[in-house]
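Notes to accompany the following structure.
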Amino acid sequence: MQQMATTVTLLGAASSPGPGLSAGDAAVAVVSSEQKVYDVVVKQAAFLKRQLRPQQQQRAPPAVARELDAPRGGLGEAYARCGEICEEYAKTFYLGTLLMTEERRRAIWAIYVWCRRTDELVDGPNASHITPQALDRWERRLEDLFAGRPYDMLDAALSDTITKFPIDIQPFKDMIDGMRTDLKKARYKNFDELYMYCYYVAGTVGLMSVPVMGIAPESKATAESVYGAALALGLANQLTNILRDVGEDARRGRIYLPQDELAEAGLSDEDIFKGVVTEKWRKFMKRQIKRARMFFEEAEQGVTELRKESRWPVWASMLLYRQILDEIEANDYNNFTKRAYVGKAKKVLALPVAYGKSLLLPYSLRNNQT
């Protein structure tokens with residue numbers, strides 16, 4: 001069983017197999033979901049560093065950028081629509097993006113919209129009609145988008161964004177893999193399996209966003225550590241979503257909780273479907289909330305390493321998501337029939353707090369000064 005303490009090793013090397021293990025056993029022991037995802041983090045950090053080398057900074061934009069210049073305001077209209085969608089569905093985050101430079105702000109909107117559209121494929125009103133073949137088509141469309149051949153105006157905004165920032169296609173492909181998982185899997189036998197799912201559907205968002213958010217010029221942190229923190233934030237957000245939506249997911253026949261940990265707590269799928277809060281459930285939920293908070297703590301240091309103008313929206317969304325965990329506790333862990341949400345007043349109050357935190361010195365510099 002994956003222990004909660006392993007969250008602090010997100011950026012560390014994989015453990016060596018113990019003595020006496022065969023080569024096959026050793027391979028199984030080493031290649032955990034955490035190690036697989038860490039390998040992605042390392043590759044993404046290396047990709048960023050390669051793309052930021054001075055000799056590679058001047059890249060000719062793909063044909064799409066020239067084509068969309070013909071209809072006056074074409075790209076401007078595409079980005080504006082992305083902003084409207086972000087404002088409609090993620091208002092607090094949207095407000096935070098207004099402090100960013102225009103280019104970075106529009107790029108984040110484009111990424112947000114692509115992620116939302118991808119998620120809607122399996123969670124939206126037409127989800128029951130989505131097939132693996134439909135996701136294959138969506139992936140081919142993604143590849144066309146990265147090649148400068150967008151299908152529609154929203155695709156065009158992202159296609160233009162990748163000409164301006166060193167964004168790799170891999171996290172986008174991985175998110176589509178997460179949607180494939182949702183089509184065929186409704187149970188997770190342990191946290192190792194759940195960890196990979198959370199990476200696919202949410203950790204990827206952090207990896208997509210780092211090149212746009214940017215690392216502060218004065219930061220002493222490594223690119224790997226910043227990507228690792230972005231990953232941790234995505235994992236924390238998804239774990240929070242899972243804990244908030246237990247009842248809603250159960251009504252769709254889905255349980256996104258580690259089966260072995262449920263069994264260890266004396267709980268079963270039937271208990272989830274019954275939806276009765278018991279002492280066993282409270283104890284189980286306390287453990288799950290503790291794990292989610294550990295991922296949030298892992299993420300906090302990395303947020304301070306981003307460019308100053310990019311920190312506010314990240315802090316705002318992080319503070320609000322952490323409060324969802326508080327609301328679950330306030331509801332006496334009844335996430336079967338009560339949906340934990342943060343009220344408008346608390347959201348408004350979080351904005352100045354997030355702004356204050358965005359002004360803090362990067363953690364790597366504070367650490368060097370002590």
Donor + acceptor pair across side chains of [X], [Y] (<3.5 Å):
| X | Y | answer |
| --- | --- | --- |
| N126 | E120 | no |
| Q288 | E261 | yes |
| E327 | N331 | no |

Looking at every non-hydrogen atom in both residues, tell me the closest pair between [X] and [Y] and how far apart they are.
| X | Y | result |
| --- | --- | --- |
| G96 | P313 | O-CD, 3.3 Å |
| V246 | F336 | CG1-CE2, 3.8 Å |
| Y363 | T304 | N-OG1, 2.8 Å |
| R105 | M100 | NH1-O, 2.8 Å |
| S364 | S219 | OG-OG, 3.6 Å |
| I130 | L183 | O-CD2, 4.0 Å |

Give a yes or no answer on whether the side chain of [X] reaches the backbone of [Y] with a donor-acceptor pair at less than 3.5 Å.
| X | Y | answer |
| --- | --- | --- |
| T163 | S159 | no |
| D152 | L154 | yes |
| R254 | D249 | no |
| E139 | K173 | no |
| N334 | T337 | yes |
| T204 | F172 | no |
| R311 | L306 | yes |
| S209 | V205 | yes |

Would you indicate whether the side-chain heavy atoms of [Y] and [X] approach each other to under 4.5 Å?
| X | Y | value |
| --- | --- | --- |
| D245 | R339 | yes |
| R104 | F165 | yes |
| M285 | R282 | no |
| T161 | M208 | no |
| S358 | E309 | no |
| V303 | W315 | yes |
| K280 | D271 | no |
| T97 | Y112 | no |

Return the [atom1] to [atom2] distance between [X] and [Y], rounded to the nearest 0.5 Å.
| X | Y | atom1 | atom2 | answer |
| --- | --- | --- | --- | --- |
| D192 | S33 | CG | OG | 3.5 Å |
| K346 | L351 | NZ | CG | 15.0 Å |
| I162 | K164 | CD1 | NZ | 10.5 Å |
| L262 | Y188 | CG | OH | 14.0 Å |
| Y321 | L233 | OH | CG | 10.0 Å |
| K357 | M318 | NZ | CE | 7.5 Å |

Over 60° means perpendicular and under 30° means parallel, so classify the ring planes of F295 and F191, tilted if in between.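 Rings of F191 and F295: tilted, as their planes differ by 30° to 60°.
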
Taking the six-membered ring for Trp, is the centroid-to-centroid distance between W281 and F284 below 6.0 Å?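 Ring centroids of W281 and F284 are less than 6.0 Å from each other.
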
Would you say [X] and [Y] are hydrophobically clustered, going by side-chain heavy atoms of ILVMFWY under 4.5 Å?
| X | Y | value |
| --- | --- | --- |
| W109 | F93 | no |
| Y79 | V212 | no |
| I242 | V277 | yes |
| L239 | L267 | yes |
| I169 | I108 | yes |

Verdict with supporting geometry, K347 and K91, side chain to side chain contact (heavy atoms under 4.5 Å, CB included): CA-CA 10 Å; K347 288 182 178 179; K91 188 175 293 293; over 6 Å; no

Test: [X] and [Y] ion pair at under 4.0 Å:
| X | Y | result |
| --- | --- | --- |
| E264 | K283 | no |
| R81 | E84 | yes |
| E88 | R116 | no |
| D177 | R180 | yes |

Residue pair Y199, D174: steps toward the side chain to side chain donor-acceptor pair (under 3.5 Å) verdict: CA-CA 8 Å; Y199 161 68; D174 286 347; 2.5 Å; yes

Among D168, I167, I215, exactly one meets side chain to side chain contact (heavy atoms under 4.5 Å, CB included) together with L48. Which residue is that?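 Only one of D168, I167, I215 forms a side chain to side chain contact (heavy atoms under 4.5 Å, CB included) with L48, namely I215.
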
Report the residue from L231, V226, V210 that forms a side chain to side chain contact (heavy atoms under 4.5 Å, CB included) with V41.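 Running side chain to side chain contact (heavy atoms under 4.5 Å, CB included) over L231, V226, V210 with V41 returns exactly one hit, L231.
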
Run the side chain to side chain contact (heavy atoms under 4.5 Å, CB included) check on D144 and Y151 step by step: do they pass? CA-CA 8 Å; D144 285 343; Y151 182 80; over 6 Å; no

Under the side chain to side chain contact (heavy atoms under 4.5 Å, CB included) criterion, do T222 and Y227 qualify, and how do the steps go? CA-CA 9 Å; T222 64; Y227 270 102; over 6 Å; no

Counting only heavy atoms not in [X] (residues, nucleotides, ligands), do more than 12 fall under 6.0 Å from its [atom1]?
| X | atom1 | result |
| --- | --- | --- |
| K43 | NZ | no |
| K308 | NZ | no |
| F273 | CZ | yes |

For salt bridge (Lys or Arg N to Asp or Glu O under 4.0 Å), just list the numbers for E329 and R293, CA-CA rounded to whole Å, side-chain angles, deciding distance to a tenth of an Å, and then say yes or no. CA-CA 13 Å; E329 292 172 332; R293 284 179 172 146; 2.9 Å; yes

Just do the side chain to side chain contact (heavy atoms under 4.5 Å, CB included) check on E224 and Y38 with the steps written out, would you? CA-CA 9 Å; E224 287 86 353; Y38 172 69; 5.6 Å; no

